[in-house]
**Q** 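Below is the structure I would like to discuss, written out as structure tokens.
Numbering of residues begins at 1 and proceeds along the displayed sequence. Both backbone and side-chain heavy atoms feed into the values below; hydrogens, waters and symmetry mates do not. These numbers were taken from a predicted model, which means no experiment stands behind them.
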Amino acid sequence: VGLNSQRIRSNDILYRGEILTEEPLPLRNMELWLGNLCNLTCKMCSPKFSTAWRREYRKIPEIRSFGLAETESVGDFSVEKLEPVFRSIENLTVAGGEPLLIPKFYELIDYLVDRDLAKGLNLSINTNLTTLPDKFIDRIHHMKNVRVNVSMDGYGKLNDYIRYGSVWAETDEYFRKLITLTKIMPNLQLGVITATSMYNVLHLPALIDYIRSTGFSGFHNVSLVMAPSFMDIRGLPPELKKLAASRLEPYRSMFRVGGT
């Protein structure tokens, strides 16, 4: 729901209508996972992607029955060893965890800047926007383009409930600051990603109205939560499905379904 998936967007960027041959192609697109350091325990997340979730997971044995995977990672890789790759790629997507909290993220950007590799690179990050450090903002102008995708699943207290540990007043402040920055930094693009689940499907209009009210003009991608299965909106009773559909009908023209 919303825009094309990451896979389709990446394929469009990679192939550009070229006829593929047996000759090796230079690596143009890269997704780099920096580890699972994160300060939130989002309802749809797991210990695999959040150290905060891992702490809860270890304290409460009962939640292991949810089938959540436990993985510990701190992004332990050598930036220097990846330099040959960085010299060919055009698009770099950085994932976590929360990239803006991970020291390795800033080490990576500084390495690219110092070696004059940043100016030709399109950087994309997903963030929970619980922080917006000056050290990140100060580095944006070094990149060719920077796309910041903000995870936002509800308006006000609902967002704080789903994305536990976040504070709406801070999320709102940082979001509006990013909108202002896009007006003075031509290489900065802003997007919103909403994970739709049992928790928020009936309340998406309030979130959409909020986003509209801020003057946001970027893309808003609405994805569907499939796991844990008890959060999947396909499990809603028919009357609630009809209620959700009726509430979202006025916004139908904003989204297109497909390509996910």
Side-chain angles (χ1 to χ4, degrees), residues 6 30-82 92-112 123-137 139 146-154 157-175 178 191-200 221 223 225-232:
Q6 177 71 31
M30 180 180 185
E31 182 169 337
L32 191 60
W33 189 48
L34 298 181
N36 61 351
L37 177 64
C38 186
N39 56 339
L40 300 187
T41 51
C42 300
K43 296 291 188 289
M44 74 298 291
C45 197
S46 73
K48 181 178 181 180
F49 300 105
S50 168
T51 50
W53 240 117
R54 178 161 50 84
R55 288 192 294 272
E56 297 298 314
Y57 183 89
R58 291 178 173 178
K59 287 191 297 185
I60 310 173
E62 288 79 9
I63 67 175
R64 301 189 182 194
S65 64
F66 293 173
L68 303 177
E70 181 178 13
T71 303
E72 183 169 357
S73 172
V74 292
D76 188 16
F77 63 90
S78 170
V79 175
E80 290 81 3
K81 289 183 179 179
L82 290 175
L92 174 63
T93 299
V94 174
E98 171 49 53
L100 298 183
L101 292 176
I102 299 176
K104 200 78 173 184
F105 173 67
Y106 300 99
E107 176 188 339
L108 169 64
I109 299 303
D110 289 342
Y111 184 89
L112 295 173
L123 174 69
S124 177
I125 70 165
N126 295 342
T127 176
N128 60 35
L129 207 60
T130 55
T131 183
L132 188 59
D134 288 340
K135 61 182 178 179
F136 169 65
I137 296 173
R139 287 165 170 79
V146 175
R147 180 181 293 278
V148 179
N149 302 314
V150 178
S151 295
M152 194 178 293
D153 296 333
K157 292 182 179 180
L158 179 61
N159 193 69
D160 294 346
Y161 176 76
I162 297 173
R163 310 189 66 81
Y164 186 75
S166 63
V167 178
W168 177 254
E170 296 176 355
T171 302
D172 174 56
E173 176 188 349
Y174 296 143
F175 186 59
L178 280 173
V192 175
I193 299 176
T194 297
T196 305
S197 70
M198 293 265 195
Y199 290 111
N200 63 356
N221 190 293
S223 62
V225 174
M226 304 295 184
S229 58
F230 58 81
M231 293 181 63
D232 191 331

**Q** Rounded to the nearest 0.5 Å, how far does CD1 of I109 lie from CG of L92?
**A** 7.0 Å
**Q** Would you kindly say whether N36 and S50 are connected by a side-chain donor-acceptor distance under 3.5 Å?
**A** no
**Q** How would you list, by chain and number, every residue that makes a salt bridge (charged side-chain N to carboxylate O under 4.0 Å, His left out) with D172, sequence neighbours excluded?
**A** R176
**Q** Would you say Y164 has more than 12 foreign heavy atoms packed within less than 6.0 Å of its OH?
**A** no
**Q** Return yes if some donor-acceptor pair links the side-chain N/O of Y111 with the main-chain N/O of Y106 below 3.5 Å, else return no.
**A** no
**Q** For the SG atom of C45 and the CZ atom of R54, what is their distance to the nearest 0.5 Å?
**A** 12.5 Å
**Q** Is there a donor-acceptor contact under 3.5 Å from the side chain of N126 to the main chain of A95?
**A** no
**Q** Applying side chain to side chain contact (heavy atoms under 4.5 Å, CB included) between M152 and each of N128, V192, I162, report the one that passes.
**A** V192
**Q** Would you call E98 and T127 a side-chain contact if the rule is heavy atoms closer than 4.5 Å?
**A** yes
**Q** For W168 and K157, what are the C-alpha separation, side-chain angles and deciding distance, and is it a side chain to side chain contact (heavy atoms under 4.5 Å, CB included)?
**A** CA-CA 7 Å; W168 177 254; K157 292 182 179 180; over 6 Å; no
**Q** Can you name the residues that form a ring-ring contact (aromatic ring centres under 6.0 Å, His included) with Y174, not counting sequence neighbours?
**A** none
**Q** Given side chains that start at C-beta, do those of L132 and E170 come closer than 4.5 Å, heavy atoms only?
**A** no
**Q** Determine whether a donor-acceptor pair (N or O, by modelled atom type, separation under 3.5 Å) exists between the side chain of T196 and the backbone of S223.
**A** yes
**Q** What's the separation between atom CZ in R163 and atom CG in L129, rounded to the nearest 0.5 Å?
**A** 10.0 Å
**Q** Would you say that L82 contacts L32 through its side chain, given a criterion of any heavy-atom pair below 4.5 Å between the two side chains?
**A** yes
**Q** Applying side chain to side chain donor-acceptor pair (under 3.5 Å) between S166 and each of T130, N39, D160, T41, report the one that passes.
**A** D160
**Q** If only atom types and distance count, is the side chain of T51 paired as donor or acceptor with the main-chain N or O of C38 below 3.5 Å?
**A** yes
**Q** With sequence neighbours excluded, what pairs up with R147 under the salt bridge (charged side-chain N to carboxylate O under 4.0 Å, His left out) test?
**A** none
**Q** I'd like to know if the side chain of N200 and the backbone of G154 have a donor-acceptor N/O pair within less than 3.5 Å.
**A** no
**Q** Would a distance-only check, ignoring hydrogens and angles, find a side-chain to backbone donor-acceptor pair under 3.5 Å from K43 to Y161?
**A** yes
**Q** Counting N and O atoms only, with roles assigned by atom type, does the side chain of W53 sit under 3.5 Å from a partner on the main chain of C42, one being a donor and the other an acceptor?
**A** yes
**Q** Nearest 0.5 angstrom please: K135 NZ to F105 CZ, how far?
**A** 10.0 Å
**Q** Counting C-beta onward and ignoring hydrogens, is there a side-chain heavy-atom pair between N149 and N221 closer than 4.5 Å?
**A** no
**Q** Which one of L100, L34, T93, V146 satisfies the side chain to side chain contact (heavy atoms under 4.5 Å, CB included) criterion with I125?
**A** L100
**Q** Output, in order, the C-alpha distance, side-chain angles, deciding distance and verdict of side chain to side chain contact (heavy atoms under 4.5 Å, CB included) for V225 and M198.
**A** CA-CA 9 Å; V225 174; M198 293 265 195; over 6 Å; no
**Q** Restricting to non-hydrogen atoms, name the atom on A195 and the atom on M44 that form the minimum distance, rounded to 0.1 Å.
**A** CB-CE, 4.3 Å
